[in-house]
Amino acid sequence: MCGIVGIVGKSNINQALYDALTVLQHRGQDAAGMVTSKNGRLFLRKDNGLVRDVFRTRHMKELVGHVGIGHVRYPTAGSSSSAEAQPFYVNSPYGITLAHNGNLTNVEQLAKEIYQSDLRHMNTNSDSEVLLNVFAHELSQRGQLQPNEEDVFAAVSRVHDRCRGGYAVVAMITGYGVLGFRDPNGIRPIVFGQRHTDDGVEYMIASESVALDVLGFTLIRDLAPGEAVYITEDGQLHTRQCATHPKLNPCIFEHVYLARPDSIIDGVSVYKARLRMGEKLADKILRERPDHDIDVVIPIPDTSRTSALELANRLGVKYREGFVKNRYIGRTFIMPGQAERKKSVRQKLNAIELEFRGKNVMLVDDSIVRGTTCKQIIQMAREAGAKNVYFCSAAPAVRYPNVYGIDMPSVHELIAHNRSTEEVAELIGADWLLYQDLDDLIDSVGGGKIKIDQFDCAVFNGEYVTGDIDEHYLQRIENERNDSALSQQQVNATIDLHNS
């Protein structure tokens, strides 16, 4: 998961890009970058680190121009080097920069085509650079000295023809405008909006609507699957459906964990979806354990708070904040390496003994991936004096890898893979464990005013909506994602930084 933003303004937009990336920081804490344009010149800054660390005053002063794009990245297999921070740039045609959130599933085939047929050079292993070169090649095939929206949309159509996977993209064509587009299945989120100033209308494209809200932009809508939006430098907005058979299959894990609760994705409030998850969990507890002895419901901050609160309300049980979070520690789900994740949990959370001593405690988390964090938190609850520790997951059991831009671990590192609920409960040390049912999760997200018929639920059911995922592909990403491989990538990244 990554965060993307693009702005066409009426004055310097470096501060607006910075603020938007800060709002989207939860989507990536590994690297950040932005590029702006003025009078046909590009100004780029990117590096590993948080937004506040990558962009200092001296960098911001150099990022001039009223047009630009930005990106925040989290660690993925093969992308631990600062050389793979985004946006990426190619000078032909026109000078194009691009940032993207997602993953291409046919990246190996595309990389060969780029070299053998398109005659273009790849400098990294990033599929974002692959996407950029595919788009640049297709735009160059139009053969126009000055591209218009027809040329841009035709190039996006060819990208959809050639690329497979889940992707949301922002790109800037130097001197002409900013482009955003979404894969034909609508897996990864992307929205656009506008705000009125004394100088005219400004436009913004972003991963989540909350970035628009904070900067005073009004949400126009989500991009539809396969759709593109192109905003010229002088503020003309154009949209076009660029895919032949688009179908909305958004990633349901966005609502479980990735997105901020104050975002609206495909017309669905993330906050309300999480409230409904809590309701469904409570109903399941009442069905399966009507004589439960839960004294208190405690969320594992932050993502599970909304679900836990509604669960407690529905059960008629006290809701309490039992853990204090250190907000200067990154999200453990997206930390590479098991040792680093284990180390961070104790630094990240501290139990308030008063809320645990002598009580039967129901802990609520958004999901259980590796189980490492859950096990340590349950142990912390016991050390704080809990009599019994029960555990609820607002999501079903995560049993399969994600291939569309969430760098979940090797399938053999997923604690629920080939294990029953009871076996997982024993491994994490819970007295009993309850998972959300998949049908209930789908109803929680898709059962509001906006009806969504189908989601990408591959991490729960192993059904990949693009239809191109086979055992060979899964084995390749298995080899890339296991912790030993990620540890070697960290070593290589450290060597790169030392030598730079």
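Given the structure is predicted, the values throughout are model-derived calculations rather than measurements.
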Could you please spell out the steps behind the side-chain hydrogen bond (donor to acceptor under 3.5 Å, both in side chains) verdict for H26 and Y257? CA-CA 10 Å; H26 63 285; Y257 175 82; over 6 Å; no

Salt-bridged, E254 to R188, with N to O below 4.0 Å? yes

In terms of side-chain geometry, is the basic nitrogen of R240 or E150 positioned less than 4.0 Å from the acidic oxygen of its partner?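 A salt bridge links R240 with E150.
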
Just do the side chain to side chain contact (heavy atoms under 4.5 Å, CB included) check on T174 and Y94 with the steps written out, would you? CA-CA 6 Å; T174 308; Y94 317 115; 5.6 Å; no

Roughly how far apart are [X] [atom1] and [Y] [atom2], rounded to 0.5 Å?
X	Y	atom1	atom2	answer
M122	N133	CE	CG	6.0 Å
I13	M204	CD1	CE	10.0 Å
N350	F323	CG	CZ	9.0 Å
M172	I231	CE	CD1	12.5 Å
I252	L258	CD1	CG	12.0 Å
H100	H71	NE2	NE2	7.5 Å

Does a side-chain heavy-atom distance below 4.5 Å link [X] with [Y]?
X	Y	result
Y18	R52	yes
R476	E108	yes
V268	I265	no
R142	P147	no
S126	F88	yes
Y404	I469	yes
L21	F55	yes
H255	M277	yes

Looking at residues at least two apart in the chain, or sitting in another chain, which of them share a ring pair (Phe, Tyr, Trp, His ring centres under 6.0 Å) with Y230?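 With sequence neighbours excluded, Y230 shows a ring pair (Phe, Tyr, Trp, His ring centres under 6.0 Å) to no residue whatsoever.
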
Derivation of the side chain to side chain contact (heavy atoms under 4.5 Å, CB included) call for V5 and V170: CA-CA 7 Å; V5 60; V170 289; over 6 Å; no

Does the side-chain hydrogen bond (donor to acceptor under 3.5 Å, both in side chains) test come out yes or no for Y464 and T105, once each step is laid out? CA-CA 11 Å; Y464 297 97; T105 56; over 6 Å; no

Got a donor-acceptor contact below 3.5 angstrom from the [X] side chain to the [Y] backbone?
X	Y	value
H59	V54	yes
N12	N14	no
S209	S263	no

More than 12 non-hydrogen atoms from neighbouring residues, nucleotides or ligands closer than 6.0 Å to [atom1] on [X], yes or no?
X	atom1	answer
Y271	OH	no
N39	CG	no
R41	CZ	no
K10	NZ	yes

How far apart are the C-alpha atoms of R260 and E208, what are their side-chain angles, what is the distance that settles it, and do they pass the salt bridge (charged side-chain N to carboxylate O under 4.0 Å, His left out) test? CA-CA 8 Å; R260 275 181 42 156; E208 294 184 34; 5.7 Å; no

Please assess R58 against E62 for the test salt bridge (charged side-chain N to carboxylate O under 4.0 Å, His left out), listing each intermediate value before the final yes or no. CA-CA 7 Å; R58 65 183 184 275; E62 295 173 353; over 6 Å; no

Test salt bridge (charged side-chain N to carboxylate O under 4.0 Å, His left out) applied to E321 and R305, step by step: CA-CA 9 Å; E321 293 283 346; R305 277 198 173 103; 2.8 Å; yes

Among L44, L132, I69, find the residue that satisfies the side chain to side chain contact (heavy atoms under 4.5 Å, CB included) test when tested with T97. I69

Could you give me the CA-CA distance, side-chain angles and deciding distance for S410 and E478, then say whether side-chain hydrogen bond (donor to acceptor under 3.5 Å, both in side chains) is met? CA-CA 5 Å; S410 157; E478 167 85 4; 2.6 Å; yes

So H66 and K38, side chain to side chain contact (heavy atoms under 4.5 Å, CB included) or not? Walk me through it. CA-CA 7 Å; H66 73 283; K38 183 177 182 179; over 6 Å; no

Side chain to side chain contact (heavy atoms under 4.5 Å, CB included) for R221 and F192? Distances and angles first, verdict last. CA-CA 6 Å; R221 59 181 173 84; F192 67 103; 3.8 Å; yes

Going through the checks in order, is the side-chain hydrogen bond (donor to acceptor under 3.5 Å, both in side chains) test met by D468 and T466? CA-CA 6 Å; D468 60 340; T466 53; 2.5 Å; yes

R73 and E84: CA distance, side-chain angles, deciding distance, salt bridge (charged side-chain N to carboxylate O under 4.0 Å, His left out) verdict: CA-CA 9 Å; R73 184 193 74 187; E84 298 194 9; 5.1 Å; no

